[in-house]
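Since the structure is predicted, the reported quantities are computational estimates derived from the model, not experimental observations.
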Amino acid sequence: MERSLVERARDGDRDAFEVLVRARVDSVYGTAFTILGNASDAQDATQETFISAWRAFPGLKDPERFEAWLGRIVSNACRMSLRHRRTIRELPMDGSVDEPAVTIDGSGAATIGADLFDRAFEKLPIDQRALLVAHHLDGRTLDELASELAVPIGTVKSRLFTARAALQKALEAQA
C-alpha cells in the first residue's frame with residue numbers, strides 16, 4: 001500500500017500525496033524542531049519540506065527509498081532555515097529565569113540543563129544533528145540509517161561516534 005501511494009504521488013496524484021503528508025507531518029515537524037530548536041522555524045521547515053517534496057516527487061526514482069529521500073529534504077530545509085536565521089537577529093521575550101546548567105542529585109549523578117544542552121546542540125553541524133535525532137530520538141537502527149544514507153553500517157557508526165564526541169565537546173565548552 002505504501003509503495004503504491006508513493007508511486008501515485010510521484011505521478012501527480014494530490015490525494016495520495018496528502019495521505020503521505022498527513023502520516024508524516026508530526027515526524028517531520030519533530031525532527032525539524034529538534035534540529036532547529038524553534039517552533040516557528042520548525043513549522044516553516046516542515047512546510048518547506050513538503051513543498052519541496054511535491055515539486056521534486058517526479059524525480060524520485062525508487063519508491064522504496066521514499067523515507068530516506070524525505071529525510072534529506074527535511075535536513076536541507078533545516079539547513080536553509082539556519083542560513084536564513086544567521087541574517088536575522090532574534091531576541092527572546094519570555095523573561096524566564098535560566099535553570100542551572102548542571103545539577104547533582106543525591107546519588108552524585110549529574111543532570112545537564114535543557115538550556116545548556118540546546119546551546120551545545122546548536123553548535124553541531126546540521127548533518128550531525130540530523131543523525132543524532134534520527135538515531136536517538138526517532139529510534140532508527142544503525143541498519144535503517146545505513147540504508148537511508150546509502151552508506152555502510154561502519155560509516156554510520158563512525159558518524160554517530162563523531163557526532164556524540166562533538167556534542168560532548170560542545171557541552172563541555174558551554175559548562
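With sequence neighbours excluded, the residues forming a side chain to side chain contact (heavy atoms under 4.5 Å, CB included) with Pro63 are Arg3, Val6, Glu7, Arg10, listed by chain and number. Evaluation of the side chain to side chain contact (heavy atoms under 4.5 Å, CB included) rule for Phe121 yields Thr34, Phe117, Leu124, Arg129, Leu132, Val133, Leu167 as partners, not counting sequence neighbours. For the side chain to side chain contact (heavy atoms under 4.5 Å, CB included) test, no residue two or more places apart in sequence or in another chain qualifies with Lys169. For the side chain to side chain contact (heavy atoms under 4.5 Å, CB included) test, residues two or more places apart in sequence or in another chain that qualify with Ala39 are Tyr29, Phe33. For Gln43, there are no side-chain hydrogen bond (donor to acceptor under 3.5 Å, both in side chains) partners at least two apart in sequence or on another chain.
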For residues 70-79, please give each side-chain donor-acceptor pair under 3.5 Å, one per line with the distance, not counting sequence neighbours.
| from | atom 1 | to | atom 2 | distance (Å) |
| --- | --- | --- | --- | --- |
| Arg72 | NH1 | Glu148 | O | 3.3 |
| Ser75 | OG | Gly71 | O | 3.2 |
| Asn76 | OD1 | Arg79 | NH1 | 2.7 |
| Asn76 | ND2 | Arg72 | O | 3.3 |
| Arg79 | NH2 | Asp127 | OD1 | 2.4 |

N/O donor-acceptor pairs under 3.5 Å from side chains in residues 48-57, not counting sequence neighbours:
| from | atom 1 | to | atom 2 | distance (Å) |
| --- | --- | --- | --- | --- |
| Glu48 | OE2 | Ser52 | OG | 3.2 |
| Thr49 | OG1 | Ala45 | O | 2.7 |
| Ser52 | OG | Glu48 | O | 3.0 |

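Residues Leu36 and Glu122 come closest through the heavy atom pair O-OE2, 4.5 Å.
Here the CD1-CG distance, from Ile35 to Asp41, works out to 12.0 Å after rounding to the nearest 0.5 Å. Atoms CG and OG1, from Leu137 and Thr31 in turn, are 7.0 Å apart once rounded to the nearest 0.5 Å. Leu149 CG to Leu142 CG: the interatomic distance, rounded to the nearest 0.5 Å, is 11.0 Å.
Among residue pairs with one or both ends in residues 152-168, none qualify as salt bridge (charged side-chain N to carboxylate O under 4.0 Å, His left out); sequence neighbours excluded. Evaluation of the salt bridge (charged side-chain N to carboxylate O under 4.0 Å, His left out) test over residues 17-30, restricted to residues two or more places apart or in two chains, returns Glu2-Arg24, Glu18-Arg22, Arg24-Glu67. Every pair tested for ring pair (Phe, Tyr, Trp, His ring centres under 6.0 Å) that includes a residue from residues 135-156 fails, sequence neighbours excluded, so the list is empty.
Checking side-chain atoms of Ser158 against main-chain N and O of Gly154 turns up no donor-acceptor pair under 3.5 Å. A distance-only check finds a donor-acceptor pair linking the side chain of Glu144 to the backbone of Thr141 [under 3.5 Å]. Distance alone, capped at 3.5 Å, is enough to place a donor-acceptor pair between the Thr46 side chain and the Ala42 backbone.
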Step by step, would you call Leu145 with Ile153 a side-chain contact (heavy atoms from CB on, under 4.5 Å)?
CA-CA 8 Å; Leu145 290 170; Ile153 196 165; over 6 Å; no

